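One structure is given below, encoded as structure tokens.
Bear in mind that the values here come from a model prediction, so they are computed numbers and not experimental data. Below, each value reflects all heavy atoms present in this structure, side chains not excepted, and no hydrogens, waters or symmetry copies.
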Amino acid sequence: MSNKFDVIIVGAGLAGIAAAIEIAREGLNVCIIERAIIPGEKNVTGGVLFSSVLDDFIPGWKNEAPIERWVAKKGLGMVSEKSLSLMQFEVEKELEDKKAFTVNRNAFDSWFAQMAEEAGATLLTNTLVEDLIIEEGFVKGVKTHHSDGYLEADIVICADGVNSLLANKAGLRKRDVLPKEIGLGIKEIVSLPVNTINERFGIRENEGCAYEFVGNFLNGVFGGAFLYTNRDTLSIGVVVNLGSVGDTSTNARSILENFKNQPQIKKLIEGASLVEYSAHLVPEIGLDMVPDLYGNGILVAGDAAGFVVNNGFSIQGMNYAIASGIEAGKTAVEAIRTGDVSTKQLASYKTKIDKSFVGKNLKKYRKTHKVLGNPRMGNQYPAVMEGIAKKLFGFDDEIQPNIAEAVKSTIRGNNVSTWQLMKDGFDVWRYM
């Protein structure tokens with residue numbers, strides 16, 4: 001293998017692979033370096049991928065990619081000690097345009113990396129990048145842990161995750177990432193028969209569902225939980241803010257166990273056997289933690305760039321990773337063909353990001369994390385929702401109140417003032 005490439009990409013996640021495909025298709029010599037043995041091995045996800053980000057990029061991918069299920073139901077739940085209040089949206093599976101799907105990242109990332117290799121990219125796995133090669137203010141390659149591990153390139157693309165050491169060493173991040181800006185994702189994959197999954201979730205063959213939850217299972221920690229269906233497994237987990245965890249006496253593992261033991265969730269996973277357990281750090285607060293995206297001979301994409309959006313109803317990072325990887329790849333090709341890999345030339349990458357759904361949504365939802373970090377969201381409002389639902393749906397043998405009466409009596413009983421409710425509602429209206 002040559003030690004000189006046009007572009008080196010650090011990280012074979014979705015952003016890195018997408019960039020490699022884009023670059024390799026243009027005939028440039030590109031190498032992806034991945035520390036895991038196989039792409040996808042170290043990834044944790046609690047969401048779904050959208051079809052639109054792949055439709056133009058890989059024609060015919062729906063017939064080739066290892067898709068688990070097409071999502072027919074999405075929902076947001078508020079969990080109290082003994083109840084679940086669920087807002088759910090369901091579409092018919094027979095719709096011609098399949099919009100979203102669940103994946104097993106081991107299988108999907110391996111397939112995606114194969115697409116990059118078939119396009120002409122070099123994939124180097126089980127290799128740790130320890131440092132950048134910097135000469136006269138330009139990034140010129142990377143140093144790996146191998147004894148002969150100096151690899152040169154005109155451009156390095158950092159797609160090495162939320163705590164990108166390379167972005168830090170290049171001076172693109174002006175300060176260390178703070179614990180309050182990082183989430184710890186813990187996921188279990190549990191096995192159940194296909195028919196059991198279909199019956200419990202009210203879905204048919206190949207239909208799937210994806211849910212996000214908040215509630216008192218968080219024990220005052222800023223975060224949430226997820227549950228979604230694969231073909232013959234379920235993915236269940238939590239994402240908790242590291243700074244918030246550090247302020248309490250709890251831990252992420254106990255939060256996951258609390259969630260799994262909530263009665264309505266417990267029924268869904270009853271009898272399941274553990275297949276896989278994993279944990280991973282993810283960016284948490286969107287635009288406010290995005291570093292400089294470019295420098296002399298270097299670009300940053302995916303989680304390393306903080307490209308994750310939580311709008312309160314869904315958490316999206318995988319789609320942003322692919323989209324940013326594509327734009328990073330396009331920018332690298334343009335720069336190398338012009339013979340200019342300086343900051344001035346690579347600045348077009350930020351312009352591309354700002355014009356895309358990635359940049360627009362990052363800007364639109366830049367303050368949502370402040371709403372979701374409100375402790376009442378997980379501690380008090382699930383119980384409020386439970387109380388209102390009981391009164392309105394007639395679970396008690398009494399004269400049923402109207403909506404105003406139900407809300408007033410319930411918030412009073414849960415130590416929430418009308419002013420707090422109005423203020424929190426206004427924040428939701430403004431930022432979500």
ask   = Should the pair F112 and F57 be assigned to parallel (<30°), tilted (30 to 60°) or perpendicular (>60°) ring geometry?
value = perpendicular

task = Dump the intermediate steps for side chain to side chain contact (heavy atoms under 4.5 Å, CB included) on E276 and N106, then the final yes or no.
result = CA-CA 11 Å; E276 179 183 313; N106 277 344; 3.8 Å; yes

request  = Determine, step by step, whether D109 and L14 satisfy the side chain to side chain contact (heavy atoms under 4.5 Å, CB included) criterion, reporting the C-alpha distance in whole Å, the side-chain angles of both residues, the deciding distance to 0.1 Å, and the verdict.
outcome  = CA-CA 7 Å; D109 287 22; L14 297 177; 3.4 Å; yes

Salt-bridge criterion met for [X] and [Y] (N-O under 4.0 Å):
{"X": "K143", "Y": "E130", "answer": "yes"}
{"X": "E334", "Y": "K352", "answer": "yes"}
{"X": "R253", "Y": "E257", "answer": "yes"}

ask   = Got a donor-acceptor contact below 3.5 angstrom from the T102 side chain to the R69 backbone?
value = yes

query = Is there a donor-acceptor contact under 3.5 Å from the side chain of T343 to the main chain of N296?
reply =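 Indeed, once roles are kept as given, a pair shorter than 3.5 Å links the two residues.
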
ask   = Are F50 and I322 close enough, and set up right, to give a side chain to side chain contact (heavy atoms under 4.5 Å, CB included), and what steps lead you there?
value = CA-CA 10 Å; F50 294 155; I322 294 176; over 6 Å; no

Modelled atom types, side-chain donor and acceptor of [X] and [Y], under 3.5 Å:
{"X": "Q88", "Y": "Y211", "answer": "yes"}
{"X": "N230", "Y": "T233", "answer": "yes"}
{"X": "S80", "Y": "N216", "answer": "no"}
{"X": "S164", "Y": "D160", "answer": "yes"}

With a sphere of 6.0 Å drawn around [atom1] of [X], does it hold more than 12 non-hydrogen atoms of other residues, nucleotides or ligands?
{"X": "K350", "atom1": "NZ", "result": "no"}
{"X": "R231", "atom1": "CZ", "result": "no"}
{"X": "E64", "atom1": "CD", "result": "yes"}

key: Audit row: T250, V240, side chain to side chain contact (heavy atoms under 4.5 Å, CB included) steps and yes/no   = CA-CA 11 Å; T250 191; V240 292; over 6 Å; no

query = With sequence neighbours left out, what residues match F357 under ring-ring contact (aromatic ring centres under 6.0 Å, His included)?
reply =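 Result, ring-ring contact (aromatic ring centres under 6.0 Å, His included) vs F357: Y320.
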
